[in-house]
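Here's the structure, in structure tokens; my notes come after.
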2 protein chains.
Amino acid sequence: MKYSDKLRNSGLRPTKQRLQICEILFDTEKTFHFTINELEKKIKDKIDDKISLATIYNTVHAFEKKGYLKQIPINSNQTYFDTNITDHHHFYDLKDGKLIDLENSDVGPLKIKRKINGKKIKSIEVLVKLED
Amino acid sequence: MKYSDKLRNSGLRPTKQRLQICEILFDTEKTFHFTINELEKKIKDKIDDKISLATIYNTVHAFEKKGYLKQIPINSNQTYFDTNITDHHHFYDLKDGKLIDLENSDVGPLKIKRKINGKKIKSIEVLVKLED
DNA sequence: ACAGCTATTTAGAACCATTATAAAGTAGGA
DNA sequence: TCCTACTTTATAATGGTTCTAAATAGCTGT
Ligand SMILES: [Mn+2]
Ligand SMILES: [Mn+2]
Ligand SMILES: [Zn+2]
Ligand SMILES: [Zn+2]
């Protein structure tokens with residue numbers, strides 16, 4: 001399915017900027033992790049038109065809200081996003097700030113035994129910090 | 001052991017400010033989670049002397065580096081700290097931004113099967129997001 | 001094709017948690 | 001007491017993110 005249809009089906013107009021960002025984010029063999037800053041660089045490298053920083057933020061947030069991107073919970077001055085939207089976990093290399101995917105099967109079965117009244121679990125995320 | 005000795009043993013001079021912050025952080029029945037902003041409020045409430053914001057940041061970072069506090073990996077515009085330095089996990093209530101401790105036994109055994117060459121695991125942290 | 005409406009983009013300003021600066025104050029050893 | 005390194009402090013700077021409001025572009029009905 002074309003990105004334009006996917007966007008329209010989500011209630012998002014398929015603008016030139018959104019389509020170009022789609023290509024950068026989703027036309028890849030492998031999924032990847034990125035910060036806004038890194039995405040901005042990638043956009044400058046790969047497309048000739050300029051996309052304003054505000055639009056990059058708007059688009060990433062719109063895609064996240066629609067479920068096409070995920071935020072990764074991590075302590076950093078920047079927000080990390082993930083084009084891999086399946087349930088999975090992460091290694092976080094403290095040395096270089098890079099993330100590595102951990103499949104669910106790499107972590108083993110997680111069973112949260114405690115329950116909070118009136119709340120339900122939205123996600124379970126494991127972060128494994130790595131050092132030398 | 002008095003806080004002054006604990007601090008001296010860590011190579012930190014037991015200043016009035018650090019001792020007062022120690023009392024707020026560690027003279028409690030239960031451990032708790034906080035942001036710098038919340039700690040600042042608590043300091044204003046509980047002690048009569050003023051402690052500058054810079055000192056609060058300095059002290060929290062010094063205590064974290066010495067292992068008396070932990071940072072909690074989470075997506076928020078503020079950094080969350082924890083006076084519970086044991087290995088444990090968290091519920092994160094997306095509605096009100098509050099954290100709840102999850103004991104290791106509440107999560108079940110975690111076994112990270114994948115290894116990264118030349119790196120060792122420093123910590124394994126689980127974040128369980130809650131919604132209504 | 002056109003008009004009208006709303007969504008979107010954009011440059012720039014604002015926001016705000018955090019960090020840096022550098023001057024004044026303090027703890028502890030000689 | 002004196003010295004020196006450590007600490008505190010007010011304040012400025014930083015930098016990622018969000019806001020603003022004006023210009024532009026996509027879409028629907030005619
Ligand atoms: Mn280019
Ligand atoms: Mn007071
Ligand atoms: Zn991932
Ligand atoms: Zn905790």
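This is a predicted model, so every value here is computed, not measured. All chains are named by letter (A, B, ...) in the order of the sequence lines, taking the proteins before the strands, and each is independently numbered beginning at 1.
- Rounded to whole angstrom, the span from the CD1 atom of B/Ile51 across to the C1' atom of D/dT7 amounts to 12 Å.
- Closest to the side chain of A/Thr79, out of D/dT11, D/dT7, D/dT17, is D/dT17.
- Summarising the local packing, NZ of A/Lys30 is surrounded by 12 or fewer heavy atoms from other residues, nucleotides or ligands at distances under 6.0 Å.
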TODO: Verify salt bridge (charged side-chain N to carboxylate O under 4.0 Å, His left out) between A/Glu40 and A/Lys46, making sure each step is shown before the conclusion.
DONE: CA-CA 10 Å; A/Glu40 192 187 11; A/Lys46 301 207 173 170; over 6 Å; no
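- Listed pair B/Lys50 / D/dT8 fails the phosphate criterion, with no side-chain N or O lying under 4.0 Å from OP1 or OP2.
- Of the side-chain N and O atoms in B/Tyr57, one or more sit less than 4.0 angstrom from OP1 or OP2 of C/dT18.
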Anything under 3.5 Å between a protein N or O and an N or O of nucleotides 27-30 of chain D, put it in a table, one pair a line.
{"unit_1": "D/dC27", "atom_1": "OP1", "unit_2": "A/Arg8", "atom_2": "NH1", "d": "3.0"}

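- Rounded to a whole Å, the CG atom of B/Leu19 is 13 Å from the C1' atom of D/dT7.
- Protein atom CG of A/Leu53 is 17 Å distant from nucleotide atom P of C/dA14, rounded to whole Å.
- Taking atom CD1 on A/Ile56 and atom P on C/dA11, their separation rounds to 11 Å, with Å as the unit.
- At whole-Å resolution of the value, CG in A/Asn58 and P in C/dT6 are 20 Å apart.
- In this structure, A/Asn37 reaches neither bases nor backbone, as no heavy-atom distance under 4.0 Å exists between it and the strands shown.
- Taking the charged nitrogens against the carboxylate oxygens, A/Glu125 and B/Lys129 do have a contact shorter than 4.0 Å, which makes a salt bridge.
- You'll find that the side chain of B/Thr55 is closest to D/dT9, out of C/dG12, C/dT18, D/dT9.
- Taking atom CG on A/Asn77 and atom C1' on C/dC15, their separation rounds to 16 Å, with Å as the unit.
- One interatomic measurement links the two molecules: CD of A/Glu40 to P of D/dG16, which rounds to 10 Å at whole-angstrom precision.
- Salt bridge B/Asp132/A/Lys120: absent, no basic N to carboxylate O contact under 4.0 Å.
- One finds a side-chain N or O of B/His61 lying less than 4.0 angstrom from the OP1 or OP2 phosphate oxygen of C/dT19.
- A/Asp82 pairs with exactly one of A/Lys70, A/His90, A/Gln71 by the side chain to side chain donor-acceptor pair (under 3.5 Å) rule, that one being A/His90.
- Set against C/dT8, C/dG12, D/dT17, the side chain of A/Ile36 has D/dT17 as its closest nucleotide.
- In this structure, A/Glu23 does not pair ionically with A/Lys2, as no charged nitrogen and carboxylate oxygen lie closer than 4.0 Å.
- Nucleic acid contact class of B/Thr15 (heavy atoms, under 4.0 Å, all strands): sugar-phosphate only.
- The listed nucleotides are D/dT17, C/dA17, D/dT7; the one nearest the side chain of B/Gln78 is C/dA17.
- At least one side-chain heavy atom of B/Leu99 sits less than 4.5 Å from a side-chain heavy atom of B/Ile74.
- Atom CD in A/Gln17 sits roughly 9 Å away from atom P in D/dA25 (whole-Å rounding).
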